[in-house]
There are 2 protein chains.
Amino acid sequence: VRFSVTYQVEGDPFTAERRAADLCLEQTVELPEDMVPTGSIRDGIVGRIEAIEGGALTSQVIVSYAAETVGTELTQLLNVAFGNSSIKPGLRVLNIDLPDAILRSFRGPRFGIAGLRDLLGAPARPLLCTALKPMGLSAVDLATLAYRFALGGMDVIKDDHGLADQPFAPFEERVARCAEAVRLANRETGGASLYVPNVTAAFPLLRERAGRARAVGAGGLLLAPALTGLDAVRTLADDDAIGLPLLVHPAFGGAWTTSPTCGMDHGVYYGLLMRLAGADGTIFPSFGGRFAFTRDECRGIARFATRAIGHLRAILPVPGGGIGAATLADAIAAYGRDVMLLVGGGLLRLSPDIAAGCARLRAMVDDSVREGPCTSPG
Amino acid sequence: VRFSVTYQVEGDPFTAERRAADLCLEQTVELPEDMVPTGSIRDGIVGRIEAIEGGALTSQVIVSYAAETVGTELTQLLNVAFGNSSIKPGLRVLNIDLPDAILRSFRGPRFGIAGLRDLLGAPARPLLCTALKPMGLSAVDLATLAYRFALGGMDVIKDDHGLADQPFAPFEERVARCAEAVRLANRETGGASLYVPNVTAAFPLLRERAGRARAVGAGGLLLAPALTGLDAVRTLADDDAIGLPLLVHPAFGGAWTTSPTCGMDHGVYYGLLMRLAGADGTIFPSFGGRFAFTRDECRGIARFATRAIGHLRAILPVPGGGIGAATLADAIAAYGRDVMLLVGGGLLRLSPDIAAGCARLRAMVDDSVREGPCTSPG
């Protein structure tokens, strides 16, 4: 059994061939060609060039690796796909193609789009998410905000990723109060809003925080894999005692995609890797806002989040960073209905009455569905 | 109490000012300026511009943040320093300056250079490290290699970062056999070589593997923080029941430094962050080899690894990737004596008799010390 990785290589076709051969060694035996033992190591462990499609300045190279080089762990899968070679300039991962035999090691998202829609009682429309902020508010103030957001019909009310365990709003108090506030609002509205606290934390505290959040009634968990390690996502997703939907946040992970010649394709990092790790929704900066992602890059993320990949459930693209009333329709046009739009500051601008602002946004989303079919990024 | 971060900003001085103001908001309240509540949040939580040194095309901007925004966790410290802004192009972290009040939250390296030198019985000379490879060898074959490396006087014999828990050399068997092999060799030579297995693993297995390694006599632990999360390093470093030296490996972390305009300065990522997390030695690709780091970038890493930073012990720069007999003297000239040179494939080329090859290398190192004072990267 083998899996394959598609790399973008800077340089002419001759360079691409040389670098493809280098990838086969660097990612496996890490020895110069003439020092590789013959027999099973040379034939079975060293990577294999499957294809080189050369352009004048940039080529695409596909290299396959034996499943045996990985074992069953996500950390080692990523290590073989791009460990040392991530440090070499002019190499970018465009795809990782995993056969079922390897995918079977990963349970994948527990809820996915369908599971989240069930929880939220929203079978078809675009979903709405907002963030509790700013950092510096007390737990009581954040809970008041959460209550109003839920009254206004926001589907997911998440902690800002900057809320951790600070003196102004300690984790335990904040999460208990906000969960209670959303529960109260749901009772009033008959709605099913979810409160999703940020459990990004020190390595030994992460599961404990997730457990506390679950115990006080959180409806999901937020974590930033670039800070916790990607396998922390998988660990929480696989934990039956937690059993909550997971949203992942891109904080601190920017380096993966900011250079067009290094790191990874946006879809691979924000879509494929997060989905493989078991996230149910992947947050990323949408096009046209204060971050520099293009519409195509964002649609690429949505594609990797939703297209058929073995048994892995499709997950929600959660674009944010500048989405508001003015850009909502265009966002739905770009992503289709299977999206959760993250509206932060833009929401607070809609009306001095927060619940009324949420309700207005919600009405716009409902209208968008009545207006007819949306394009999908497929 | 405040800490400050120095950012390199692409663009003219006017752009630098705008982006500095943006950093103050993005990294804290994540709201547009006019929506920030007045009072303690505006005055105490929002970041503060401390300095802007403009160049024509690139500026340096120093922004300070309140310790309160962080709490006591490494994950949140990194989040405030570069969470969302890491995703914006044209921003690069050049330094993070932490006052003692914040450094106190971090125990730092348990051994550092002095502690490792004590363990190895090598008070002054450059140290030598090598790697067990290639992937695909059996545990018995890897142990045989380890035995010969130790006989030849290599100080640290580490797993290649590609050795995880694969069928050809399962973790438990490999680590037990290699630790035993190095112990036997030490008994013969009277030396104090350390075997350092790779414990990079799935999140819930990491501490377990570290504990197993310790139980069978490993002399240190190797992990790749870009795969495990940086706080996994801190967790193992702080764990008194483990109490082993830690080496960190750069696998999968390349994106942090490959672009000159994004991510982080080499010294900050490979030096400062790894040291803050508690690594005793930081592995990185040396200049002139098959990776593209420059001599200056490498010396910058050594500087951040060794210069005075509060109570944090100085740690070993461990340059690798192409160091061998031909480049040894130049490496010592560049890094000084407080270095551990990682010699991989180059060692196997020195002599068909591995122990003899090691001994030759060791003699070269001893000679380099007799030849007089080395420059230091300070």
Side-chain angles (χ1 to χ4, degrees), chain A residues 28-32 35-37 40-41 44-45 68-69 71 73-76 78-79 82-84 86-89 133-136 160-162 164-168 200-204 224 227-229 231-232 234-235 250-256 258-259 262-263 285 291-292 344-345 348, chain B residues 28-32 35-37 40-41 44-45 68-69 71 73-76 78-79 82-84 86-89 133-136 160-162 164-168 200-204 224 227-229 231-232 234-235 250-256 258-259 262-263 285 291-292 344-345 348:
Chain A
T28 56
V29 291
E30 220 195 319
L31 283 175
M35 294 173 71
V36 178
S40 67
I41 293 183
I45 299 292
E68 204 188 1
T69 61
E73 293 174 60
L74 180 58
T75 42
Q76 179 62 5
L78 300 176
N79 192 25
F82 204 42
N84 267 7
S86 75
I87 315 171
K88 297 183 174 174
K133 57 183 170 183
M135 181 193 279
D160 185 44
H161 70 282
D165 185 32
Q166 298 109 328
F168 45 74
T200 302
F203 186 93
L227 292 165
T228 63
D231 203 64
R234 192 199 54 75
T235 303
F252 204 65
W256 282 109
T258 36
S259 161
C262 311
F291 297 87
L348 303 173
Chain B
T28 56
V29 292
E30 221 197 318
L31 283 174
M35 294 174 72
V36 179
S40 67
I41 293 184
I45 298 292
E68 204 188 0
T69 61
E73 293 173 60
L74 180 59
T75 42
Q76 179 62 5
L78 301 176
N79 192 24
F82 204 41
N84 267 8
S86 74
I87 315 171
K88 296 182 174 175
K133 56 185 173 184
M135 182 193 279
D160 185 44
H161 70 283
D165 186 32
Q166 298 109 327
F168 45 76
T200 302
F203 186 92
L227 292 166
T228 63
D231 203 65
R234 192 199 54 75
T235 302
F252 203 64
W256 281 109
T258 36
S259 161
C262 311
F291 296 88
L348 304 172

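Within every chain, numbering begins at 1; the chains are lettered A, B, ... in the order of the sequence lines, protein sequences first and strands thereafter.
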Heavy-atom pairs under 4.5 Å with chain B: which of [options] has the most?
options                        : value
A:G162, A:P134, A:P250, A:P167 : A:P134
A:P32, A:G229, A:A292, A:A251  : A:A251
A:E30, A:R234, A:E68           : A:E30
A:D165, A:L74, A:D160          : A:D160
A:G263, A:G253, A:A232         : A:A232
A:S259, A:A164, A:P204         : A:P204

For [X] against [Y], the heavy-atom pair lying closest together:
X      : Y      : result
A:F291 : B:N84  : CE2-O, 3.5 Å
B:T235 : A:F203 : OG1-CB, 3.1 Å
A:S86  : B:T258 : O-CG2, 3.8 Å
B:T200 : A:T75  : CG2-CB, 4.3 Å
A:I41  : B:G136 : CD1-C, 3.7 Å

Practice prompt. Look at the rings of A:F82 and B:F252 and say which category their plane angle falls in: under 30° parallel, 30 to 60° tilted, over 60° perpendicular.
Written response: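 Answer is perpendicular, since the angle exceeds 60°.
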For [Y], does its backbone N or O pair with a side-chain atom of [X] as donor and acceptor, under 3.5 Å?
X      : Y      : value
B:E73  : A:A201 : no
B:N79  : A:H161 : yes
B:Q166 : A:T69  : yes

Discussion item. Does any backbone or side-chain atom of B:P285 lie under 4.5 Å from a heavy atom of chain A? Answer side chain, backbone, both or neither.
Written reply: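 For B:P285, the side chain is the part near chain A, not the backbone.
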Worksheet item: Can you say whether B:I45 sits under 4.5 Å from chain A via the side chain, the backbone, both, or neither, judging by heavy atoms?
Response: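 It is the side chain, since no backbone atom gets that close.
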Contact origin within [X] toward chain B - heavy atom pairs under 4.5 Å:
X     : result
A:L31 : side chain
A:Q76 : side chain
A:S40 : neither

Fill in: Winner by heavy-atom pair count (cut-off under 4.5 Å) against chain A, out of B:G254, B:P89, B:G344
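Most heavy-atom pairs within the cutoff with chain A belong to B:G254.
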